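Computed from a predicted structure; not experimentally measured. Indexing begins at 1, ligand by ligand and atom by atom, following the structure's order. Positions are given from 1 along the sequence.
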Amino acid sequence: MAEKLKVLTICGSLRKQSYNHALVRTLPALAPEGMTFTESPPFDAMPFYNQDIQDASGFPESVVKFADAVRAADGVIIVTPEYNWTIPGALKNAFDWVSRMKDQPFKEKPVALQSASGGPLGGSRMQYHMRQSLTYLNVFLFGTPEIFVSFAQNKFDKDTLELTDQPTRDIVKTQLAAFGGFIRRVKAQ
Ligand code: FNR
C-alpha cells in the first residue's frame, strides 16, 4: 500500500463562490492513493505585517497556527487567483509573516501551484511571481505539469461549482500523481 502523504492546501481566494476554492474541493477525487488533503487555517485576519507588532508581542496566533499547519504537512499545494497580475495581498501577507519565523515553515517543503482565473492566461503571471517569492523561502518547488485554469467560468458548473472540464481534470490528476512522487523523493533524502 502507498505511504500516506499529508498535503496542505492554501487557497488564495477568500470569497465563498471562489473557483480556486472549488478546485481545492476537487483534489481528493483526482488524487493518487494515499494522498490526503487538509485546508490551511485562515489567514485573512492576520494583521498587515509590521515588525513593530512582532517586536512588541511576537507572532500573532493566526500566524503561528498557519505556520504549524505548513510544518505538519508532507507537501503544500497553493491554489490561488491572480490579482492584478500577481499574488493576492492577503496571501502575500501570510507569506511575509511566516518568512520572519526562525523555524521558517516553508524551508525545504515540497510545494506545487495551481491557479484558476477568469482570463485567458489562467493566473500564469501570478504563478511566476509566486515562484520568485517561494524560491526566497527555500521551498522545493514542483515543476511541471503546471495547472492554469483559464476562463474558469466555463470549466466549473455554474450552480454546483463542480469542475466539469475533463481536460482540466486530467491534467490536475497528472500533476497530483507527479507531485506525490516528488514528495516521496524529498522525504527519502
Ligand atoms: C481579478 N481577476 C484577474 N484575472 C486575471 O486573469 N488576471 C488578473 O490580473 C486579475 N486581477 C484581478 C484583480 C482583482 C482584485 C480581482 C477581484 C479579480 C479576475 C479573477 O480571475 C476572477 O475574479 C476569479 O474568479 C478570482 O478567483 P476566485 O475568487 O473565483 O477563486
Report task. Decide, yes or no, whether a salt bridge links Asp96 with Arg100 under the criterion of side-chain N to carboxylate O below 4.0 Å. Result -> no

Query - ligand 1: protein residues within heavy-atom distance under 4.0 Å - result: Ser13, Arg15, Ser18, Tyr19, Asn20, Pro81, Glu82, Tyr83, Asn84, Trp85, Ser117, Gly118, Gly119, Arg125

Query raised in the report: Below 4.0 angstrom, N of the basic side chain to O of the carboxylate: do Arg25 and Glu162 qualify?
Result: no

Query - Value rounded to 0.5 Å, distance of CD in Glu39 from CD1 in Ile10 - result: 11.0 Å

Query raised in the report: If only atom types and distance count, is the side chain of Arg125 paired as donor or acceptor with the main-chain N or O of Asn84 below 3.5 Å?
Result: no

Query raised in the report: Salt bridge or not for Asp170 and Lys173, using N-O below 4.0 Å?
Result: no

Requested in this report: Hey, could you give me each pair passing ring-ring contact (aromatic ring centres under 6.0 Å, His included) that has a residue in residues 169-189? Not counting sequence neighbours.
Outcome: Phe142-Phe179, Phe142-Phe182

